[in-house]
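First up is the structure itself, then whatever we jot down about it.
What you see below is based on every heavy atom in this structure, not just the backbone, and it leaves out hydrogens, waters and symmetry mates.
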Amino acid sequence: MTSNSSVIIVHLSDLHFGGFADLKQIEALEEFVPSLNPTAIVVSGDLSQRARHGEFQAAHVFLYRLRKQIPAIVVPGNHDIEWWKSPLGLLGEKRKYDKYLRYYGELRPVLEVPGAIMAGALSSYGVAFGSLTWNVRDVAVKGHLPRSETRRVQEIFASSAPGLFKVLVVHHNVLAGGTGRMGLARWRSAHKRLLATGAEVILCGHDHHEGAGQIEGGLAVSTAGTHSYRQRGGRPSVFNLVTVDEQSVHIQHYRWVSEQRHFIPSDKVSFGRKGAPKVAVSVAGGDQGL
Ligand SMILES: [Fe+2]
Ligand SMILES: [Fe+2]
């Protein structure tokens with residue numbers, strides 16, 4: 001990147017097309033997102049509510065219109081897979097992802113845009129050995145990030161052109177929510193491996209509560225909210241605008257004002273790209289079960 005160039009990413013998540021999608025927000029996004037002049041759009045999963053055809057089709061139309069103007073990368077969330085068709089993967093991986101793949105084509109997408117490379121890491125496996133917990137509510141909700149995923153992304157970043165900003169996209173929140181609960185099982189191991197990928201920012205969702213923070217004071221994390229009626233504690237919906245320049249990663253929250261039917265800029269957090277201080281600035285809030 002030259003000193004004048006920057007990468008601008010609109011980071012959306014948890015659209016949850018289906019009974020809970022807030023269509024006023026979806027319509028507003030369709031008009032507002034292109035006006036931000038982004039380099040790319042990232043949707044970090046939970047496009048649907050129940051992985052139904054109609055839900056996927058609605059999300060597909062939304063993305064199709066935006067993609068005519070702006071490149072986009074999408075990863076599946078826990079709501080987008082039919083995990084019950086292959087619990088614990090015993091009947092093979094393919095059954096769980098068939099429907100998602102029919103509409104979105106890839107579980108582990110990679111997108112290169114001017115100034116940046118973006119790689120999706122799959123964390124949504126449904127009821128899987130890697131994310132089994134003692135909490136029954138969490139069984140199909142919790143994500144996990146296998147070593148094979150972080151290794152794969154690490155290799156993609158290592159072989160990318162020098163100077164590209166490296167963006168890792170994953171559905172489950174990698175920082176704790178307000179209740180201190182992580183979206184990912186075995187998160188300590190995941191954090192170490194995420195740091196080793198060489199990513200410069202992680203874009204995630206699942207928590208239905210916006211957040212901006214860092215892993216071990218060095219790796220920026222953008223957590224986007226939801227555009228469904230399933231927000232945390234009646235809070236307004238939020239999406240993030242992630243802007244990168246030579247020195248910093250900036251995470252700007254955009255808050256939905258329902259009476260005025262538009263998004264307004266809200267809090268902004270900036271992290272140094274190199275030699276960042278060892279502090280966590282903020283984390284997403286709320287419990288899981290999303
Ligand atoms: Fe969600
Ligand atoms: Fe989710």
Which atom pair, heavy atoms only, marks the closest approach of [X] to [Y]?
{"X": "A224", "Y": "S13", "answer": "CB-CB, 3.8 Å"}
{"X": "G126", "Y": "I81", "answer": "N-CD1, 3.3 Å"}
{"X": "W84", "Y": "R50", "answer": "CH2-O, 4.2 Å"}
{"X": "L145", "Y": "L122", "answer": "CD1-O, 3.8 Å"}
{"X": "V7", "Y": "P114", "answer": "CG2-O, 4.0 Å"}
{"X": "A190", "Y": "L184", "answer": "CB-CD1, 4.0 Å"}

Distance-only, no hydrogens or angles: does the [X] side chain make a donor-acceptor pair with backbone N or O of [Y] under 3.5 Å?
{"X": "E55", "Y": "Q49", "answer": "yes"}
{"X": "Q214", "Y": "G217", "answer": "yes"}
{"X": "S228", "Y": "A21", "answer": "no"}
{"X": "E82", "Y": "K96", "answer": "no"}
{"X": "K142", "Y": "M182", "answer": "yes"}
{"X": "T243", "Y": "I8", "answer": "no"}

- Stepwise salt bridge (charged side-chain N to carboxylate O under 4.0 Å, His left out) test for E246 and R273: CA-CA 8 Å; E246 284 211 332; R273 286 182 64 180; over 6 Å; no

- side-chain hydrogen bond (donor to acceptor under 3.5 Å, both in side chains) with E210: of H11, H253, R235, only one passes, and it is R235

- Task: Would you mind telling me which of R108, R193, H144 makes a side-chain hydrogen bond (donor to acceptor under 3.5 Å, both in side chains) with E149?
- Result: R108

- Take atom CZ in R67; do more than 12 heavy atoms of anything else shown fall under 6.0 Å from it? yes

Side chains of [X] and [Y] only: does a donor on one sit below 3.5 Å from an acceptor on the other?
{"X": "S222", "Y": "N240", "result": "yes"}
{"X": "R152", "Y": "S148", "result": "no"}
{"X": "D80", "Y": "S48", "result": "yes"}
{"X": "T226", "Y": "Q231", "result": "no"}
{"X": "H250", "Y": "D245", "result": "yes"}
{"X": "H171", "Y": "D46", "result": "yes"}

Transitively linked via ILVMFWY side-chain contacts under 4.5 Å: [X] with [Y]?
{"X": "L23", "Y": "L12", "value": "yes"}
{"X": "L101", "Y": "L63", "value": "yes"}
{"X": "F20", "Y": "F62", "value": "no"}
{"X": "V238", "Y": "I9", "value": "no"}

Qualifying residues under side-chain hydrogen bond (donor to acceptor under 3.5 Å, both in side chains), relative to [X], sequence neighbours excluded:
{"X": "H191", "result": "none"}
{"X": "R255", "result": "none"}
{"X": "Y103", "result": "H53, Q57"}

To the nearest 0.5 Å, what is the distance between [atom1] ([X]) and [atom2] ([Y])?
{"X": "S44", "Y": "D14", "atom1": "OG", "atom2": "CG", "answer": "6.5 Å"}
{"X": "Y97", "Y": "E106", "atom1": "OH", "atom2": "CD", "answer": "14.5 Å"}
{"X": "F17", "Y": "I26", "atom1": "CZ", "atom2": "CD1", "answer": "4.0 Å"}

Can you confirm whether [X] sits close enough to [Y] that some side-chain heavy atom of one is under 4.5 Å from a side-chain heavy atom of the other?
{"X": "W187", "Y": "L175", "value": "no"}
{"X": "L219", "Y": "F271", "value": "no"}
{"X": "L47", "Y": "V74", "value": "yes"}
{"X": "M118", "Y": "V110", "value": "no"}
{"X": "T223", "Y": "C204", "value": "yes"}
{"X": "F56", "Y": "R102", "value": "no"}
{"X": "I117", "Y": "V167", "value": "no"}
{"X": "V43", "Y": "L15", "value": "yes"}

Please verify the inter-ring angle class for [X] with [Y]; under 30° counts as parallel, over 60° as perpendicular, anything in between as tilted.
{"X": "H227", "Y": "F239", "answer": "tilted"}
{"X": "Y100", "Y": "Y104", "answer": "tilted"}
{"X": "F32", "Y": "F263", "answer": "parallel"}
{"X": "H206", "Y": "H172", "answer": "tilted"}

- Stepwise side-chain contact (heavy atoms from CB on, under 4.5 Å) check, I202 with L194: CA-CA 9 Å; I202 296 178; L194 284 165; 3.9 Å; yes

- salt bridge (charged side-chain N to carboxylate O under 4.0 Å, His left out) between D98 and K94: does it pass, once the steps are laid out? CA-CA 6 Å; D98 256 359; K94 195 171 173 298; 3.2 Å; yes

